[in-house]
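Each chain gets a letter, A, B and so on, in the order its sequence line appears, and its residues count up from 1.
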Number of protein chains: 2
Amino acid sequence: MLEALEASDGFLSAQQLHATLREQGQRVGLATVYNRLRILADTHQVDVLRTESGEALYRRCGAQGHHHHLRCRRCGSVQEVESAEVEAWAHSLAKKAGFSDISHTIEITGLCEKCHG
Amino acid sequence: MLEALEASDGFLSAQQLHATLREQGQRVGLATVYNRLRILADTHQVDVLRTESGEALYRRCGAQGHHHHLRCRRCGSVQEVESAEVEAWAHSLAKKAGFSDISHTIEITGLCEKCHG
DNA sequence: CAGATAATGAGAACGGTTACAATTTGGTAT
DNA sequence: ATACCAAATTGTAACCGTTCTCATTATCTG
């Protein structure tokens with residue numbers, strides 16, 4: 001299952017992943033896909049993000065640590081993104097406001113070169 | 001309805017808002033709340049974000065332009081946040097990657113001073 | 001091989017959201 | 001006032017992604 005996620009260059013929904021596995025001939029139930037994805041997400045082996053419509057998308061990321069994504073709204077292709085400055089900014093800002101247990105998410109979206117037009 | 005949203009200092013779900021309006025004695029249908037919220041969101045009169053569980057939360061923001069939020073995971077209280085540097089970073093990064101029609105979201109979450117402990 | 005344990009998966013249930021059709025509301029012309 | 005029309009509103013049913021249930025199947029262990 002992780003292989004199928006890695007094979008895809010973008011984020012997949014649980015149902016897309018299920019369909020993909022089925023097409024490959026694997027007899028796997030949708031419930032199992034959801035269960036395993038949840039475990040993988042809980043253990044930070046895959047990244048999760050939410051579509052505008054509320055759907056959950058999953059991806060096996062190359063980068064191990066904390067990072068963010070630049071994603072094409074049309075084709076779904078994804079690049080990983082990092083910036084120590086921005087990390088520091090987010091953290092110090094929250095700290096100044098008295099927050100603890102700080103985390104953050106950053107999503108940059110747009111139309112990639114291929115999809116533009 | 002906008003008043004009810006403004007009265008709340010944090011984000012409200014559509015259903016919470018509906019309940020609030022009902023408690024105030026207004027006879028309003030859930031469908032209407034959803035409809036009007038959608039219109040308000042489409043016209044950028046309210047901000048929308050998605051819970052981890054996929055639920056949509058709405059807020060009438062003080063700041064008019066583009067901005068982000070620092071939010072307490074426990075009590076839901078929200079502060080508005082801006083940073084020209086981060087805006088520029090996100091935009092130039094996407095542009096360098098060949099992206100157009102660029103947008104981004106940043107959410108910083110944690111436990112606020114009151115809720116910490 | 002037997003028995004216990006965990007993983008699996010088809011289908012039901014669930015919760016937030018949207019679509020639909022009927023009703024109400026508000027305005028305008030008669 | 002009254003009749004008429006268009007837009008807004010509303011309860012309910014449908015929808016869709018996700019989670020739960022629990023019978024079945026696979027995997028360990030001795």
Quick one: is [X] getting a side-chain N or O under 4.0 Å of the [N] phosphate, OP1 or OP2?
X: A:Tyr34; N: D:dT18; result: yes
X: A:Arg38; N: D:dC20; result: yes
X: A:Arg36; N: C:dA7; result: no

Check against ring pair (Phe, Tyr, Trp, His ring centres under 6.0 Å), B:Tyr34 and B:His18: CA-CA 9 Å; B:Tyr34 273 107; B:His18 178 237; 8.6 Å; no
Test of ring centre spacing under 6.0 Å for B:His104 and B:His68: yes
Aromatic contact, B:Phe99 with A:His116 (centres under 6.0 Å): no
Validation row: A:Leu57, A:Val48 side chains within 4.5 angstrom (heavy atoms): no
Expressed as a whole number of angstroms, how long is the span from [X]:[atom1] to [N]:[atom2]?
X: B:Glu52; N: C:dG15; atom1: CD; atom2: C1'; result: 17 Å
X: B:Leu30; N: C:dT18; atom1: CG; atom2: P; result: 11 Å
X: B:Leu12; N: C:dG16; atom1: CG; atom2: P; result: 14 Å
X: A:His18; N: C:dG11; atom1: NE2; atom2: P; result: 12 Å
X: A:Leu57; N: D:dG17; atom1: CG; atom2: C1'; result: 12 Å
X: A:Arg22; N: C:dG9; atom1: CZ; atom2: C1'; result: 9 Å
X: B:Gln16; N: C:dT17; atom1: CD; atom2: C1'; result: 15 Å
X: A:Leu37; N: C:dT8; atom1: CG; atom2: P; result: 12 Å

Given DNA chain C, 5'-ward residue of the pair B:Arg27 and B:Tyr58, judged by closest heavy atom: B:Tyr58
Which listed nucleotide ([options]) is nearest to the side chain of [X]?
X: B:Ala31; options: C:dG9, C:dT17, C:dA19; value: C:dA19
X: B:Ala14; options: D:dT18, C:dG9, C:dT17; value: C:dT17
X: A:Gln15; options: D:dT18, C:dT8, C:dT17; value: D:dT18

Touch class at under 4.0 angstrom, heavy-atom based, for B:Asn35 against every strand present: base
Exam field: side chain B:Thr51 to backbone B:Gly54, donor-acceptor pair closer than 3.5 Å: no
